[in-house]
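The model shown is predicted, which means the values in this text are computed figures rather than measured ones.
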Amino acid sequence: MSRMLFDDLQTAAAAIRERAGHRQPTLGLILGSGLGGFAERLEDAVAIPYEDIPGFPVSTVVGHAGRLVIGSISGLCCAALSGRAHMYEGHSADVVAFPARTLITLGARTLIITNAAGGIRADLRAGDLMLIHDHINLFPQSPLTGANDARLGPRFPDMTHAYAPRLMEVCQAAAGELGIDLKAGVYAGSAGPQYETPAEVKRLAAMGADATGMSTIPEVLVANHMGAEVL
């Protein structure tokens with residue numbers, strides 16, 4: 001983790017504020033594959049292409065628009081990442097996690113991080129919603145590697161509650177009120193881009209994984225490092 005990271009984050013945040021004006025997001029959304037359309041629901045929105053934000057990696061994957069959208073919903077100011085970059089595109093872990101760090105630098109102390117994952121547990125079906133309550137990190141790199149900058153967070157962040165229990169309770173209650181069959185489980189993340197072999201799926205199941213994908217964990221790590229709540 002570069003000692004220049006703090007300054008790089010301030011530069012990215014300043015460029016966003018110049019385009020977004022007075023908006024002060026308190027909630028950050030990372031919209032995974034197929035979910036970018038949610039950003040279109042934000043009111044009074046400003047959309048900024050990733051290539052216009054210093055330090056942001058540009059996503060090359062279909063279904064990832066590559067825009068930061070700042071607007072409001074239900075009176076709450078949100079900053080939404082419509083698409084993300086992945087390590088399998090050739091990026092390092094710290095570059096992949098830089099946009100999530102930028103959301104927190106902008107003021108978002110809560111991050112909702114989504115993805116499209118492959119189900120492992122027998123009761124999961126295509127299209128099911130699964131609330132991640134823990135993860136298994138199989139990525140070859142950590143975005144926290146290198147010299148630690150205490151202005152961003154501690155050297156050894158506690159991952160006991162990587163996903164905020166309070167937010168999980170709120171989400172489960174909301175799903176119940178809306179009649180949504182919300183599953184819950186453990187997410188295993190690896191770099192990809194190849195899918196798992198049958199033997200690897202069996203190994204993941206034996207490790208306790210319920211679903212698997214190629215994103216999310218680097219962003220969760222930096223959010224916990226910077227003291228933000230994650231759902």
*Is the side chain of Asp181 donor-acceptor paired with the backbone N or O of Asp128 at a distance under 3.5 Å, no angle test?*
no

*Any chance the side chains of Asn115 and Ser215 put a donor and an acceptor closer than 3.5 Å?*
no

_Spacing of Arg84 atom CZ and Phe56 atom CZ [to the nearest 0.5 Å]_ = 12.5 Å

*asked:* Main chain of Ala85, side chain of Tyr50: is a donor-acceptor contact present, judged purely on distance under 3.5 Å?
replied: no

_Over all atoms of both residues, closest heavy-atom pair of Ala188 and Leu204_ = CB-CD2, 3.9 Å

*Find out whether Met207 and Leu138 are in side-chain contact, i.e. whether some heavy atom of one side chain is under 4.5 Å from a heavy atom of the other.*
yes

_Under the rule for side-chain contact (heavy atoms from CB on, under 4.5 Å), what residues qualify as partners of Leu129, not counting sequence neighbours?_
Ile180, Leu182

*Judged by atom type as modelled, is there a donor-acceptor pair below 3.5 Å linking the side chain of Asn224 to the main-chain atoms of Ala162?*
yes

*When you measure from the side chain of Ser142 to the backbone N and O of Leu144, does any donor-acceptor pair fall under 3.5 Å?*
yes

*So, the side chain of Asp44 versus the backbone of Gly71: is there a donor-acceptor pair under 3.5 Å, distance only?*
no

*Does any non-hydrogen side-chain atom of Pro57 lie less than 4.5 Å from one of Glu89?*
no

*Are the charged groups of Arg101 and Asp94 less than 4.0 angstrom apart, N to O?*
no

*Is there a side chain to side chain contact (heavy atoms under 4.5 Å, CB included) between Thr105 and Phe6 once you walk through the steps?*
CA-CA 9 Å; Thr105 302; Phe6 181 88; over 6 Å; no

*Compare every heavy atom of Leu42 with every heavy atom of Ala80, then report the nearest pair and how far apart it is.*
CB-CD1, 4.1 Å

*Lys/Arg-Asp/Glu bridge criterion (N-O < 4.0 Å) met for Asp52, Arg19*: yes

_Run the ring-ring contact (aromatic ring centres under 6.0 Å, His included) test against Tyr163 and tell me which residues pass, sequence neighbours left out._
His135

*asked:* Nearest 0.5 angstrom please: Ile217 CD1 to Ile113 CD1, how far?
replied: 10.5 Å

_Determine whether a donor-acceptor pair (N or O, by modelled atom type, separation under 3.5 Å) exists between the side chain of Thr114 and the backbone of Gly32._
yes

*If you take all heavy atoms of Arg23 and Cys77, which pair is closest and at what distance?*
CB-SG, 4.0 Å

*For the atom pair NZ (Lys183) and NE2 (His133), what is the distance rounded to the nearest 0.5 Å?*
13.5 Å

_Residue pairs fulfilling ring-ring contact (aromatic ring centres under 6.0 Å, His included) with at least one residue in residues 139-161, sequence neighbours excluded_ = none

*Ion pair Glu40/Arg67, N-O distance below 4.0 Å*: yes

*Would you give the length of the straight line joining atom CG of Leu29 to atom CD1 of Ile70, rounded to the nearest 0.5 angstrom?*
11.0 Å

_To the closest 0.5 Å, what do you measure between CD1 (Ile112) and CG (Leu27)?_
4.5 Å

_Interatomic spacing from CZ in Arg41 to SG in Cys78 - rounded to 0.5 Å_ = 10.5 Å

